[in-house]
S.K.: 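Sharing a structure below in structure tokens format, with a few things to ask.
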Amino acid sequence: MNFSKTIPFLSVKDHSVSGETFELLCHEEYDMLITNPQPSLENLPRYYETEDYISHTDGKRTLFEKLYQFVKNIALKRKLKLINSLSETGTLLDIGAGTGDFLLYCKNNGWNVTGIEPSQKASLIANKKGLDYETSLSNLKDNSFDVITMWHVLEHVPDLDNQIKELKRLLKPNGTLFVAVPNFKSYDAKYYGKFWAAFDVPIHFWHFSKTAIKKLFFEQNMILTKVEPMKFDSYYVALLSEKYKTGKMNFVNALAIGAISNWKANKNLEFSSLIYVIKHKN
């Protein structure tokens, strides 16, 4: 893939850690945005250094965190229900497994699970739940998995082309890939603009549309077969976006924007986040 032809789209601040400003560049052919500059692998860990990076903790310190954990438990059940509707129980790899709740739920429901998680903090929490993660995808054999999941992970991957090739290598010929990413075409993204929390620069390197996902995977002879909404995400993202925009979470306004975003998406299918179901091209 060639990302050389881009035009300026939006300047966005890192609200979580550094306060630095980054540019979003639009690649019109792929209909996607690219964060510029992208941190080097050596500097990248410092942009994750915040107690507010909730997916790396089981935190319940605040009302927001308690709501997050409550919704997370509902969401992981819906994820497995979707997977079970499209795949027979077998081997499952979760990339970016966090603190392990999704993998543990899958394990307890008959799946043979494997996890990958770069955060040592999150991995230690998962270890206490009885989960042992692999350290690298390169350690895993070709055609090993019936299902591979990436829940809000692909946008964090520095080498996008290589990552997609690895996914194809690891997936069985009849296996299924589930990729969830934010959607910058959603109403809440347009409403909040530079304050939209799901831009999350610079740890989100890439910002995808449906067109981008379809093109990127098709180039590796993988085909998009289904797109599913993640309706809770519009509310979660709106709450954080309100905080970035006004200094307060403004629950009432955030819930209203989240609801409007979902209502509009029921017509145009541009939900705040989307799950893409992808398979090998026959």
Side-chain angles (χ1 to χ4, degrees), residues 14-18 38-62 64-80 83 91-109 111-140 145 147-160 163 166-167 170 177-182 197-198 200-206 230 232-233 236-237 239-240 273 275:
D14 172 14
H15 295 276
S16 301
V17 178
S18 69
Q38 295 182 345
S40 66
L41 293 180
E42 293 77 17
N43 290 329
L44 186 58
R46 78 179 183 90
Y47 291 102
Y48 285 89
E49 291 174 358
T50 172
E51 290 297 318
D52 293 331
Y53 198 66
I54 196 167
S55 67
H56 285 174
T57 75
D58 284 342
K60 296 181 180 179
R61 300 168 300 173
T62 64
F64 176 71
E65 289 184 351
K66 290 175 182 177
L67 285 171
Y68 175 88
Q69 300 299 344
F70 174 74
V71 171
K72 182 177 76 172
N73 287 330
I74 297 174
L76 65 85
K77 293 175 183 177
R78 292 186 175 181
K79 290 172 183 175
L80 185 56
I83 291 168
T91 53
L92 184 149
L93 170 65
D94 188 30
I95 301 173
T99 59
D101 289 326
F102 171 71
L103 270 188
L104 188 61
Y105 186 68
C106 292
K107 181 180 179 180
N108 291 338
N109 283 274
W111 285 86
N112 181 7
V113 301
T114 302
I116 294 279
E117 173 53 57
S119 167
Q120 186 177 12
K121 179 180 179 182
S123 296
L124 288 173
I125 295 172
N127 292 160
K128 294 177 181 178
K129 298 173 183 177
L131 296 169
D132 292 316
Y133 291 160
E134 289 288 340
T135 56
S136 173
L137 291 179
S138 62
N139 296 336
L140 304 174
F145 298 98
V147 165
I148 300 176
T149 58
M150 296 183 78
W151 307 117
H152 286 296
V153 173
L154 191 65
E155 63 270 33
H156 292 263
V157 174
D159 190 342
L160 185 58
Q163 181 69 58
E166 278 290 272
L167 293 171
L170 293 167
L177 172 65
F178 296 82
V179 175
V181 289
D200 206 5
V201 294
I203 61 174
H204 285 189
F205 286 62
W206 323 100
M230 300 186 81
F232 283 128
D233 280 35
Y236 169 72
V237 171
L239 282 166
L240 284 180
S273 292
I275 299 172

S.K.: What closest approach, in Å, do G100 and L131 show between heavy atoms, and which atom pair accounts for it?
M.R.: O-CD1, 3.3 Å
S.K.: Run the side chain to side chain donor-acceptor pair (under 3.5 Å) test against S40 and tell me which residues pass, sequence neighbours left out.
M.R.: E42, N43
S.K.: By side chain to side chain contact (heavy atoms under 4.5 Å, CB included), which residues pair with T135, not counting sequence neighbours?
M.R.: N139
S.K.: Decide yes or no for I83 and L92: does some side-chain heavy atom of the first lie under 4.5 Å from some side-chain heavy atom of the second?
M.R.: yes
S.K.: Given side chain to side chain contact (heavy atoms under 4.5 Å, CB included), test L167 with I95 step by step and report yes or no.
M.R.: CA-CA 10 Å; L167 293 171; I95 301 173; 3.5 Å; yes
S.K.: Of all residues at least two apart in sequence or in a different chain, which pass the ring pair (Phe, Tyr, Trp, His ring centres under 6.0 Å) check with W151?
M.R.: F102
S.K.: Run the side chain to side chain donor-acceptor pair (under 3.5 Å) test against E166 and tell me which residues pass, sequence neighbours left out.
M.R.: R169
S.K.: Looking at side-chain heavy atoms only, is the closest gap between E134 and L93 below 4.5 Å?
M.R.: no
S.K.: Check side chain to side chain contact (heavy atoms under 4.5 Å, CB included) between N109 and all other residues, then give those that pass, not counting sequence neighbours.
M.R.: L80, Y105
S.K.: Test of understanding: with side chain to side chain donor-acceptor pair (under 3.5 Å), list the residues that count as partners of E155, not counting sequence neighbours.
M.R.: H152
S.K.: I148 pairs by side-chain contact (heavy atoms from CB on, under 4.5 Å) with which of L170, I116, V179?
M.R.: L170
S.K.: Ignoring hydrogens and geometry, is there a side-chain-to-backbone donor-acceptor pair from D14 to S18 under 3.5 Å?
M.R.: yes
S.K.: Measure the spacing between CG of N127 and OG1 of T99 and express it to the nearest 0.5 Å.
M.R.: 11.5 Å
S.K.: Looking at NE2 of H156 and CZ of F205, how far apart are the two atoms once the value is rounded to the nearest 0.5 Å?
M.R.: 9.5 Å
S.K.: In the structure I gave you, are the side-chain heavy atoms of D101 and K129 within less than 4.5 Å of one another anywhere?
M.R.: yes
S.K.: Less than 4.5 Å apart, any side-chain heavy atom of L137 and any of Q163?
M.R.: yes
S.K.: Checking H204 side chain against A198 main chain: does a donor-acceptor pair fall under 3.5 Å?
M.R.: yes
S.K.: Side chains of L124 and K128, heavy atoms from C-beta outward: is any pair under 4.5 Å?
M.R.: no
S.K.: Going by the rule salt bridge (charged side-chain N to carboxylate O under 4.0 Å, His left out), which residues pair with R78 if we only count those two or more places apart in sequence or in a different chain?
M.R.: none
S.K.: Is there a side-chain contact between P182 and V237, using heavy atoms and a 4.5 Å cut-off?
M.R.: no
S.K.: Please identify each residue that fulfils side chain to side chain donor-acceptor pair (under 3.5 Å) with Y133, with sequence neighbours left out.
M.R.: none
S.K.: Which pair of heavy atoms, one from F232 and one from I74, lies closest together, and at what distance?
M.R.: CE1-CG2, 3.8 Å
S.K.: Assess whether side chain to side chain contact (heavy atoms under 4.5 Å, CB included) is satisfied between L154 and L160, documenting all intermediate values.
M.R.: CA-CA 8 Å; L154 191 65; L160 185 58; 3.7 Å; yes
S.K.: Would the distance check show the side chain of W206 and the main-chain N or O of V157 forming a donor-acceptor pair, the cut-off being under 3.5 Å?
M.R.: yes
S.K.: Could you report the tightest heavy-atom contact between G96 and V153, atom names first, then the distance?
M.R.: CA-CG2, 3.8 Å
S.K.: Quick one: does S119's side chain get under 4.5 Å of Y48's, heavy atoms only?
M.R.: no
S.K.: What distance separates M150 CE from L177 CG, expressed to the nearest 0.5 Å?
M.R.: 8.0 Å
S.K.: Between E117 and G98, which heavy-atom pair has the shortest distance, and what is it?
M.R.: OE1-N, 2.7 Å
S.K.: Does D200 reach the side chain of S16, with side-chain heavy atoms less than 4.5 Å apart?
M.R.: yes
